[in-house]
Amino acid sequence: MNERAADEGVSRRGDLTRRAFVGGLSVVGLGTGLPALSDRAAAAGEPVHFQYFHETWPTITDNLSTVADRGYDAVWIQAPQKSDLTWSDQSGRNDPPLGYQPVDYTVFDSEFGTEAELQALIDEAHTQGLEVFVDCVMNHMATGYDYDFPRFSYNDFHHDVGSIDDWSDDHQVEHGELLGLPDLAQYESSTSEYVRGELMNYMEKIASMGADGYRYDAVKHVEEKYWSDYANPKADDLGMSRIGEVYSGSIDYVQGYVDTGMDAFDYPLYYTLGDVFSGGDMSQLQGAGLIGQDPFHAHPFVQNHDADAPSQYHLAHAFVLTSEGVPMIYNLYPNAILDDSDINNMVWVKTNLAGGETYWRHADSDLGVYERYNNLLVGINNGGSNRTQSVYTSWTNTTLHDYSGTSGDVTTDGSGWVDITVPSEGWVFYAPN
């Protein structure tokens, strides 16, 4: 749900060997010439998720083998319940996104396809070794129904705020009508217990389809205790992972919702990426975002259906796909991203070479160099000229290979120091052969 217009733990696939193998094959097939996976690289590797939006369930199903071959571990799909708005209501690829104006949580026939087609998608994803995260919209219902829905009526909604005027007022944010959408009363209504029961049934129906997790929409617009007392315990009971959309640039604010028992998209990092990768100061990345504070619950991203990418698109991905956390890569146009050899190479690096704590080795206005300890040395240069920099590493007398394909091998000295050269507006990914 796009709030800017209004003012504003995931498990790894166990089959790492298979993932690395097919990922390596697919990238080599695209002509990037990656070397075969070494024993050393197999000891590392972190998951990457794919946001697969704006397509029908059958279209996504037919393309899941490609998603898996590129090395992704999971897909996030749009909300499956019956909703208002159709393809004909859109004035562009994502204007507005579909699935965010629920009408009936019990019906899973939607603009994206039938319930049977959704089941086929989830089954095929599991065949391909992919987990499925389903968007779960529990804050509001669709506009234009005068609070009259198949399962809800007037008393099931908040009516004490109306539109949100003060975004610093938690009561307004939690009880107000986001973008004019009727706000469900999870609390403070005579029927709130009924409302919560309907939402728990909705979560159960998603889980019954075999999905692996939820993406919670508009998290901050629902009382925090709903997540800690109901939704997250319910997800635990159902064996479901969850990732929350907490649309805020404050790390502590987002952390507060993580502490209720969910992962979260790293919006604080997103805002920093926008500053840095529009020709900004690279040193701002050091310790930035939720990944700098709680990487185990952070999902960094460069863009999504609500948030645009910065101008230095590939540089931003080079950072997100080598940092800690589980990144979510967005498919505004699926073939464009799945056939992007640079992104595919970065996914390969993340899923095969990345791991360990982050140690920053150098940071200035144009150049950032950091090590994922004893696994991967990354250099990103958003300046207009090549940069050579001497940096300390955890390796001594070790030859490091650049898996980006833009620079030659280098060898660390007996004290762990090495000189690396990073191309202008480019990146290097060094790891032992």
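No more than 12 heavy atoms of other residues, nucleotides or ligands lie within 6.0 Å of CD in Glu357, so this atom counts as exposed by the packing criterion.
Judged purely by distance below 3.5 Å, without hydrogens or angles, the side chains of Asn374 and Ser394 pair a donor atom with an acceptor atom. Residues Gln101 and Thr143 bring a donor and an acceptor atom of their side chains to less than 3.5 Å of each other. In summary, the side chains of Asp166 and Ser168 do present a donor paired with an acceptor at a separation below 3.5 Å, with no hydrogens or angles considered. For the residue pair Ser283/Asp364, the side-chain donor-acceptor check at 3.5 Å is not satisfied. Glu223 and His175 form a side-chain donor-acceptor contact under 3.5 Å, judged by distance and modelled atom types alone. Side-chain atoms of Gln81 and Ser83 include a donor-acceptor pair closer than 3.5 Å. Side-chain N/O atoms of Thr66 and Asn63 include a donor and acceptor closer than 3.5 Å. Judged purely by distance below 3.5 Å, without hydrogens or angles, the side chains of His158 and Tyr187 never pair a donor atom with an acceptor atom. Looking only at atom types and distance, the side chain of Ser250 has no donor-acceptor partner in the side chain of Ser248 under 3.5 Å away.
Classification of the His159-Tyr154 ring pair by plane angle, with boundaries at 30° and 60°, yields parallel. The aromatic rings of Tyr330 and His305 sit tilted, their planes meeting at an angle between 30° and 60°. Using the six-membered ring where Trp is involved, Tyr370 and Phe319 have ring planes that are perpendicular, over 60° apart on the 30 and 60° scheme. Ring-plane geometry between Phe152 and Tyr194 is classed as perpendicular, the angle between the planes exceeding 60 degrees on a 0 to 90 degree scale with a lower cut at 30. Under the 30°/60° scheme for interplanar angles, the aromatic rings of Tyr359 and Tyr373 are found to be tilted.
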Going through the distances and angles, do Lys220 and Tyr253 end up as a side chain to side chain contact (heavy atoms under 4.5 Å, CB included)?
-> CA-CA 9 Å; Lys220 72 180 185 181; Tyr253 187 86; 3.4 Å; yes
For His49 and Tyr72, run ring-ring contact (aromatic ring centres under 6.0 Å, His included): C-alpha distance rounded to whole Å, both residues' side-chain angles, the deciding distance at 0.1 Å, then the answer.
-> CA-CA 6 Å; His49 293 181; Tyr72 292 92; 9.2 Å; no
Pair Ile380-Leu367, side chain to side chain contact (heavy atoms under 4.5 Å, CB included): steps then yes or no = CA-CA 6 Å; Ile380 302 176; Leu367 179 65; over 6 Å; no
Could you go step by step and tell me if Asn201 and Thr106 meet the side chain to side chain contact (heavy atoms under 4.5 Å, CB included) rule?
-> CA-CA 8 Å; Asn201 290 340; Thr106 68; over 6 Å; no
Stepwise side chain to side chain contact (heavy atoms under 4.5 Å, CB included) test for Glu46 and Val326 | CA-CA 7 Å; Glu46 296 173 330; Val326 178; over 6 Å; no
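In this structure, the separation between CZ on Phe265 and OH on Tyr247 is 12.0 Å, given to the nearest 0.5 Å. Met262 CE to Asn232 CG: the interatomic distance, rounded to the nearest 0.5 Å, is 4.5 Å. If you take CD on Gln186 and OG on Ser192, they are separated by 7.5 Å, rounding to the nearest 0.5 Å. Taking CG from Leu338 and CG from Asn344, the interatomic distance works out to 7.0 Å, rounded to the nearest 0.5 Å. The line from CD of Gln78 to CG of Leu118 is 12.0 Å long, rounded to the nearest 0.5 Å. Atoms CD and CG, on Glu224 and Asp259 in that order, are 8.5 Å from each other to the nearest 0.5 Å.
For the pair Val219/Thr260, no side-chain contact is recorded, criterion being any heavy-atom separation below 4.5 Å from C-beta on. Here the side chains of Val246 and Tyr267 are not in contact, with every heavy-atom distance at 4.5 Å or above. In this structure, the side chains of Ser163 and Glu177 stay at 4.5 Å or more apart for every pair of heavy atoms. Looking at Ile420 and Val369, their side chains come closer than 4.5 Å, going by heavy atoms from C-beta outward. Two residues are said to be in side-chain contact when any heavy atoms from C-beta on lie closer than 4.5 Å; Val137 and Asp135 meet this criterion. Put simply, the side chain of Asp294 reaches to within 4.5 Å of the side chain of Phe296, judged on heavy atoms. Under the 4.5 Å side-chain criterion, counting only non-hydrogen atoms from C-beta, Phe157 is in contact with Phe149. Side-chain contact check for His140 versus Pro102: some heavy-atom pair is nearer than 4.5 Å.
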Atom pairs and distances, donor-acceptor, side-chain atoms in residues 422-431, under 3.5 Å, two or more places apart:
unit_1, atom_1, unit_2, atom_2, d
Glu425, OE1, Gln312, NE2, 2.9
Tyr430, OH, Gly408, O, 2.8

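If you look at His221 and Trp227, their ring centroids are not closer than 6.0 Å.
Taking all atoms of both residues into account, the shortest heavy-atom contact from Leu269 to Pro300 is CD2-CB, 3.6 Å. Taking both residues in full, the closest heavy atoms of Ser110 and Pro80 are given as CB-O, 3.5 Å, listed atom of the first, atom of the second, then distance. Nearest heavy-atom pair across Leu64 and Ala125 is CD1-N, 3.6 Å. In this structure, Leu290 and His297 approach most closely via the heavy-atom pair CD2-O, 4.1 Å. Heavy-atom minimum distance, Thr351 versus Asp73: CG2-OD1, 4.1 Å. Shown here for Pro295 and Glu324, the closest heavy-atom pair between the two residues is CG-OE1, 3.4 Å.
Residues meeting the salt bridge (charged side-chain N to carboxylate O under 4.0 Å, His left out) test with Asp183, sequence neighbours left out: none. Glu371 pairs by the salt bridge (charged side-chain N to carboxylate O under 4.0 Å, His left out) definition with Arg361, not counting sequence neighbours. Scanning for salt bridge (charged side-chain N to carboxylate O under 4.0 Å, His left out) contacts around Glu204 gives Lys234, with sequence neighbours left out. Partners of Phe108 under the ring pair (Phe, Tyr, Trp, His ring centres under 6.0 Å) rule, at least two apart in sequence or in another chain, do not exist in this structure. Listed by chain and residue number, nothing satisfies the ring pair (Phe, Tyr, Trp, His ring centres under 6.0 Å) test with Tyr226 (two or more places apart in sequence, or in another chain).
Both the sub-6.0 Å distance and the 45° axial angle are not jointly satisfied by Arg242 relative to the ring of Tyr214.
Residue Ile329 is tested with Gln303, His317, Gln51 for a side chain to side chain contact (heavy atoms under 4.5 Å, CB included); the sole match is His317. For the pairing with Phe112, the ring pair (Phe, Tyr, Trp, His ring centres under 6.0 Å) check across Trp57, Tyr52, Phe53 returns one residue only, Trp57.
Taking the charged nitrogens against the carboxylate oxygens, Glu115 and Lys205 do have a contact shorter than 4.0 Å, which makes a salt bridge. Look at Arg215 and Glu245 and you find a salt bridge, because one of the NZ, NE, NH1 or NH2 atoms lies within 4.0 Å of a carboxylate O, short of that distance.
Judged by distance alone, the side chain of Asp89 and the main-chain N or O of Thr86 form a donor-acceptor pair under 3.5 Å.
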